[in-house]
There are 2 protein chains.
Amino acid sequence: MSAAAELHLLRFLPFRLNRLAAEVSQNLAQIYRQRYGIDVPEWRILATLGAEGRCTAQAIAASTRMHKTRVSRAVAFLRESGHVRVAAGAADGRETQLQLTPRGRRLYETLVPLALARERELLAVLEPALAAAFLEALERLESALQLPRAESAPPAGQPAGSRVAGKASGRAARSP
Amino acid sequence: MSAAAELHLLRFLPFRLNRLAAEVSQNLAQIYRQRYGIDVPEWRILATLGAEGRCTAQAIAASTRMHKTRVSRAVAFLRESGHVRVAAGAADGRETQLQLTPRGRRLYETLVPLALARERELLAVLEPALAAAFLEALERLESALQLPRAESAPPAGQPAGSRVAGKASGRAARSP
DNA sequence: CTACGATGGTTGCGATCGCAACTATAGGAG
DNA sequence: CTCCTATAGTTGCGATCGCAACCATCGTAG
C-alpha cells in the first residue's frame with residue numbers, strides 16, 4: 001500500500017509542455033525583439049488586430065488570455081510607436097476600439113511570414129500523420145481546458161495561416 | 001497580388017503551446033503554492049532531487065533549463081525551509097552537492113501523487129492512441145530543439161513516473 | 001434626475017526573473 | 001610557485017508581470 005510513486009521531471013507532461021513552449025517562443029521572440037523592437041505581448045496584439053481588423057483591448061485579453069494590464073501596457077507602447085491607433089467609431093465611451101495603422105500593418109505583414117515559416121519548420125520534424133495527430137490532440141486539450149479556439153478547421157496541410165503574398169518589403173524596423 | 005499572409009493567432013502553434021503550457025502549469029502550481037507554500041522552481045528542484053537522489057545546482061539548471069540564478073534562489077529558499085541540504089561528500093570546492101532532507105522527501109512524496117494524478121487527468125481526454133501519438137510528437141519536437149530528454153522510454157501506459165517504493169505517508173505542509 | 005452596481009481600461013506596488021558582474025575554487029602553462 | 005582561464009554559485013539591478021485599487025462610463029432602478 002505505501003507506494004510512493006517516482007516522478008521523473010523529464011517525463012512529466014506539464015514540465016515538458018512548459019519547457020517546449022518556452023523554447024519555441026524564445027526562438028521566435030528573439031527575432032522580432034531584436035530586429036523589430038517588439039516583444040511577445042506586442043506581437044500578440046499585432047497578430048490579433050491584423051487578423052480581426054479592429055477590436056477592443058478587452059477582446060484581445062479574452063482571446064489571448066493575457067492579463068488586461070499586460071494588454072494595456074503593450075497597447076500603450078504600440079500606440080506610442082505608431083503601430084496601433086484608436087479607431088473612430090467609439091460606440092461605448094468606456095471601451096476603445098483599436099486597429100493597426102498602415103505602419104502597423106506593414107510590420108504585421110513583415111512578421112507573419114517569419115512566424116509561419118517558423119511554425120512550418122517546427123511541424124516539419126513530424127511526418128504528416130503525426131503532425132495531424134499532434135494538432136488534433138492539442139485541440140482536444142484546449143477544449144478540455146476551455147481555452148478560446150478558432151472556429152473553423154484550418155485548410156488541410158496548413159495549420160495556421162495559409163495565404164501567400166506578393167508583398168514582401170515594408171521596412172518597419174524599430175529598436176528602443 | 002498584395003494578398004498578405006493571414007495569421008490567426010488562435011491557430012498559431014507557438015502561441016497555442018504557450019497558452020496551453022501556462023494553463024496546465026498554473027492549475028498545478030496553484031495547488032502546491034497555496035497548500036504547500038512552494039512555487040514552480042522549488043517544485044522542479046524537489047522533483048529533480050527526489051528522483052536523482054543528489055546533484056549539483058548546475059546539474060539541476062542544465063536538466064530543467066532554468067537559469068542558474070533561478071535555481072540558486074529556489075535552492076536558498078528550500079534550504080531555509082529545511083527541505084534541502086548540502087550533501088556531505090563535496091569533491092569540488094566550487095560545487096555544492098544537494099539532496100533532500102527527510103522533510104523534503106516527505107513533501108516530495110506528498111506532491112508526486114498530486115502531480116501524476118493531474119497528468120493522468122490531462123491525458124485522459126485523449127484516447128490511448130492519440131495520447132501515444134501526442135507523446136511521440138512531443139518527443140520528436142524536444143529532440144529537434146535539443147532539449148534534455150529522459151533516456152529510456154516510459155513503461156507503456158504510464159508516461160511519467162511508475163515505480164513504487166516502500167515509503168509513503170508523511171504530512172509535510174507549509175505555508176510562508 | 002439621481003443612485004448604484006457592473007464593465008473597460010489605467011496605474012501603484014510588490015514579487016519574480018534574467019542579465020551582468022562578482023567571488024571563490026579548480027586546473028593547467030610557463 | 002604564479003599566472004591565467006574556466007567553472008560553480010551568489011548578488012545588484014533593471015525590466016516585466018499580476019494583483020488590487022482606482023477612474024470613467026454605461027445601464028438600470030427608484
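By convention in this document, chain letters (A, B, ...) are assigned in the order of the sequence lines, proteins followed by strands, and residues within each chain are numbered from 1.
Mapping Asp39(A) and Lys68(A) onto DNA chain D by nearest heavy atom places Asp39(A) closer to the 5' end of the strand. The 5' end of DNA chain C is approached more closely, in terms of each residue's nearest nucleotide, by Val71(A) than by the other of Arg70(B) and Val71(A). Between Thr69(B) and Arg73(A), it is Thr69(B) whose nearest contact on DNA chain D lies nearer the 5' terminus. Of the two residues near DNA chain C, Met66(B) and Thr96(A), the one whose nearest nucleotide lies more 5' is Thr96(A).
Using a 4.0 Å cut-off between a side-chain N of Lys or Arg and a carboxylate O of Asp or Glu, Glu23(A) and Arg19(A) do not qualify as a salt bridge. Ion pairing between a basic and an acidic side chain is recognised when a charged N comes within 4.0 Å of a carboxylate O; Arg73(B) and Glu42(B) show no such pairing. Electrostatic pairing of Glu139(A) and Arg11(B) does not count as a salt bridge here, judged by no charged N lying under 4.0 Å from a carboxylate O. Under a 4.0 Å N-O distance rule, the pair Arg118(B)/Glu121(B) qualifies as a salt bridge.
What separates CG of Leu98(B) from P of dA8(D) is a distance of 13 Å, to the nearest Å. In this structure, Arg94(B) atom CZ and dA6(D) atom P are separated by 12 Å, rounded to whole Å.
Aromatic ring orientation, Phe134(B) versus Phe134(A): parallel (interplanar angle below 30°, classes split at 30° and 60°).
First and last contacts of DNA chain C with chain B, using any nucleotide atom under 4.0 Å from a protein heavy atom and ordered 5' to 3', fall at dC17(C) to dA26(C).
Looking at Ser81(B), its side chain does come within 3.5 Å of a backbone N or O of Leu78(B) through a donor-acceptor pair.
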